Amino acid sequence: MNKTIAIIRGDGIGPEIVGEALGVLDAVAEKFGHAFTYQEAPMGGCAIDAFGVPLPDSSLKTCLDSDSVLLGAVGGPKWDSQPSANRPERGLLKLRSAMGLYTNVRPARMFQDLAAACPLRADIAKRGIDFVVVRELIGGMYFGEHSTFEAGGERKAVDVCAYTEHEVRRVARVAFDMARKRRRRVTSIDKANVLDTSRLWRSTVEEVAREYPDVELLHMYVDNAAMQIVRDPSQFDVIVTENLFGDILSDEASQITGSIGMIPSSSMGEGSRGLYEPIHGSAPDIAGQNRANPIGTILAAAMMLRYSFDMAEEAGTVEAAVDAALKAGLRCGDIMNEGGTLLGCREMGAEIRARI
Ligand code: NAD
């Protein structure tokens, strides 16, 4: 297969970790006979320096013309004094909206070899953590009307939470499609005992579920879900939920797996094109020192293979190579433990490539 991938290296550790992910993609292309063409798309602080704006039109076009987008991270103290309309993060928001990305997907997977970094009790961690949070990204309370006004002699604030059926339906389909590529179980999380938006959410998800008779659907209230994620995360396969609940639960989910440097994420819209990135930022404190952990970005590239290019075997090969490197005791600084072998970003990338 031939695929064109827009590459946003970004700022801070971005260029270092993206470089290692591209090395892994090259190894996959060679092993499986694919051709990946990389098109550079400067975005973030580096684009402000070179073009005066965080997302130049040429970069946006490169992303929109590509089969998928791989991003390192953007931002850093150098650009903190930029006016808010021209900050590096604005580039990312503009890109998400131009690509119509309405779903964020974040896996919560614990590597057994890093179980010591899991903050849960050993007997819970032992059962394994391997689920995905599918979060609606551009609706709900974050995008409703916000107002603060005087009422009855005091200030009052209102944030409107609204969802339409089609907004729920399209994210539910992403979750069910994803479950078909996993263990075929969707847990839809809402607060249907209190909220109208949640009742609409639940009934719409049930409608969509009828199109997927091979996938099991369960419902859970968000307060219970927050408990279940720490009590027994092994019960989850795919979680689907609205924007606000997803924001909170996906952070909880990534925390229980260990290091921030290990976790990938993707944002999807219509069609197969997505934006793939690690969940962490540009880590300016360790930038340029060969100390960054590239695994989150390498696993983001694996997600791209699985979900945008339908290359499940290739994705599995990358994930297995990461597992094997960890099993061999290889560690970056953020996941270093007693008895491990400390590697830099480049060396970790090379070790994973060698295991493809
Ligand atoms: P951060 O995630 O960059 O760093 C937090 C801590 O985690 C730091 O100590 C860092 O060294 C460490 N860390 C992060 N990734 C690591 C990795 N791969 N390997 C080893 N250690 C790692 O968060 P921050 O310091 O709050 O933000 C720094 C900059 O990144 C800010 O400008 C912020 O706006 C930006 N940011 C960008 C994105 C994005 O591009 N999507 C996301 C979050 C933050």
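Order of listing sets the numbers, starting from 1, for every ligand and every atom in it. Just so it is clear, the model here is predicted, and its values are computed rather than measured.
Counting heavy atoms under 4.0 Å from ligand 1, residue Asp334 touches it through the side chain alone. The side chain of Leu92, and not its backbone, has at least one atom closer than 4.0 Å to an atom of ligand 1 (non-hydrogen atoms only; side chain from C-beta on).
Taking atom 37 (C) of ligand 1 as the reference point, the nearest protein heavy-atom neighbour is Val74 O, 3.1 Å. From the protein, the heavy atom lying nearest to atom 34 (O) of ligand 1 is Glu89 OE2, 2.8 Å. Looking only at protein heavy atoms, the nearest one to atom 25 (O) of ligand 1 is Pro284 CD, 4.6 Å. Considering only non-hydrogen protein atoms, atom 30 (O) of ligand 1 sits nearest to Ser282 N, 3.0 Å. The protein heavy atom nearest to atom 3 (O) of ligand 1 is Ala283 N, 2.8 Å. Looking at atom 22 (C) of ligand 1, its nearest protein heavy atom turns out to be Ile286 CD1, 4.1 Å. Ranking protein heavy atoms by distance to atom 7 (O) of ligand 1, first place goes to Ile260 CG2, 3.9 Å. Considering only non-hydrogen protein atoms, atom 9 (O) of ligand 1 sits nearest to Asp285 OD2, 3.0 Å.
Distance alone, capped at 3.5 Å, places no donor-acceptor pair between the Arg155 side chain and the Glu150 backbone. Between the side chain of His166 and the backbone N or O of Thr164, no donor-acceptor pair lies under 3.5 Å. Side-chain atoms of Gln228 do not come within 3.5 Å of backbone N or O of Arg231 as any donor-acceptor pair. In this structure, Asn104 contributes its side chain and Arg135 its backbone to no donor-acceptor pair below 3.5 Å. Looking at Gln235, its side chain does come within 3.5 Å of a backbone N or O of Asp232 through a donor-acceptor pair.
For the side chain to side chain donor-acceptor pair (under 3.5 Å) test with Tyr276, the passing option among Ser68, Ser265, Ser308, Ser266 is Ser308; the others fail.
In this structure, of Gly91, Gly10, Gly281, the residue bringing a heavy atom nearest to atom 38 (C) of ligand 1 is Gly281.
Between Ser267 and Arg96, the closest heavy-atom pair is OG-NE, 4.4 Å.
Under the 4.0 Å criterion applied to side-chain N and carboxylate O atoms, Glu20 and Arg353 are assigned as salt-bridge partners. With respect to the salt-bridge test (charged N to carboxylate O, under 4.0 angstrom), the residues Asp251 and Arg106 qualify. Between Glu351 and Arg355, at least one side-chain N (NZ, or NE/NH1/NH2) sits under 4.0 Å from a carboxylate O, which counts as a salt bridge. Comment: Asp190 does not engage Arg199 in a salt bridge, judged by the lack of any side-chain N to carboxylate O separation of less than 4.0 angstrom.
Atom 5 (C) of ligand 1 is not flagged as protein-proximal [any protein heavy atom, distance under 4.0 Å]. Counting only heavy atoms, the protein gets under 4.0 Å from atom 1 (P) of ligand 1.
Between the side chains of Asp26 and Tyr38, a donor-acceptor pair is found at a separation under 3.5 Å.
Taking any N or O of Ile17, backbone or side chain, none lies under 3.5 Å from an N or O belonging to ligand 1. Checked against a 3.5 angstrom limit, the closest N/O atoms of His280 and ligand 1 fall inside it. Between Arg291 and ligand 1, no N or O atom pair is found at a separation short of 3.5 Å. Any N or O atom pair closer than 3.5 Å counts here, and Gly76 shares at least one such pair with ligand 1. In terms of polar-atom proximity, Gly72 is not counted as a contact of ligand 1, lacking any N or O under 3.5 Å from an N or O of the ligand.
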Quiz item: Would Ile279 and Ile260 count as a side chain to side chain contact (heavy atoms under 4.5 Å, CB included) if you check the C-alpha gap in whole Å, the side-chain angles of each, and the deciding distance to 0.1 Å?
Solution: CA-CA 7 Å; Ile279 65 162; Ile260 190 173; 4.3 Å; yes
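If you number the atoms of ligand 1 from 1 as listed, the ones under 4.0 Å from a heavy atom of Gly75 come out as 32 (O). Every atom of ligand 1 is numbered from 1 in the order shown, and the set under 4.0 Å from a heavy atom of Glu277 is 41 (N). Atom numbering of ligand 1 starts at 1 in the shown order; those under 4.0 Å from a heavy atom of Ala73 are 40 (O). Interface of Ala292 with ligand 1, defined as ligand atoms under 4.0 Å from a residue heavy atom, comprises 19 (N).
Ligand 1 is never approached by Gly296 to a heavy-atom distance shorter than 4.0 Å.
Both the sub-6.0 Å distance and the 45° axial angle are not jointly satisfied by Arg306 relative to the ring of Phe309.
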